[in-house]
Amino acid sequence: MAKNISFTLKYWKQNGPKDEGRFDTREMKNIPDDTSFLEMLDILNEELISEGSEPFVFDHDCREGICGMCSLYINGHPHGPATGATTCQLYMRRFNDGDVITVEPWRSAAYPVIKDCMV
Ligand code: FES
């Protein structure tokens with residue numbers, strides 16, 4: 001049975017490769033733990049858009065663990081804490097109520113940041 005968790009989300013905002021970038025922070029409340037990580041980011045964006053703010057930009061495509069586009073660094077690990085799984089196959093049940101979750105782009109000179117976590 002799913003339970004809801006609340007946590008602090010720190011997500012990387014960057015306006016192009018020359019911008020130095022920064023973290024924005026939001027308290028995410030009552031997110032069902034059977035929500036996928038990308039669905040949680042969709043919820044974040046629904047909140048941001050409803051407030052008239054710019055959405056958080058991140059890469060994704062298939063959301064089925066096939067294409068590899070969902071390349072995020074989560075709490076310092078590629079694709080987060082679930083080894084052998086892509087970000088789109090990561091579910092919020094991997095996190096605990098009260099956690100601080102940090103989302104950053106894959107940092108590589110070969111893949112400059114286009115916007116936020118899109119490289
Ligand atoms: S979006 Fe395709 S593997 Fe995650």
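Order of appearance sets the numbers: ligands from 1, and atoms from 1 within every ligand.
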>> As a quick check of understanding, evaluate salt bridge (Lys or Arg N to Asp or Glu O under 4.0 Å) for Lys13 and Asp24, giving each step before the final call.
In response: CA-CA 7 Å; Lys13 293 292 290 178; Asp24 275 0; 5.6 Å; no
Phe23 atom CZ, neighbour heavy-atom count above 12 within 6.0 Å: yes
Q.
To check you understand the geometry: which heavy-atom pair defines the closest contact between Thr35 and Pro32, and what is its length?
A.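 Closest pair (atom of Thr35, atom of Pro32, distance): OG1-O, 2.8 Å.
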*asked:* Check for me whether the distance between the ring centres of Trp106 and Tyr73 falls short of 6.0 Å.
replied: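 Ring centroids of Trp106 and Tyr73 are less than 6.0 Å from each other.
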Report task. Please assess His79 against Thr87 for the test side chain to side chain donor-acceptor pair (under 3.5 Å), listing each intermediate value before the final yes or no. Result -> CA-CA 5 Å; His79 295 291; Thr87 299; 2.9 Å; yes
Counting only protein N, O or S atoms (no waters) closer than 2.8 Å to atom 4 (Fe) of ligand 1 gives 2
Taking distance alone, no hydrogens or angles, what donor-acceptor pairs closer than 3.5 Å link side-chain atoms of residues 89-102 to residues at least two apart or in another chain?
from  : atom 1 : to    : atom 2 : distance (Å)
Gln89 : NE2    : Arg63 : O      : 3.4
Asp97 : OD1    : Ser6  : N      : 2.7
Asp99 : OD2    : Asn96 : N      : 2.8

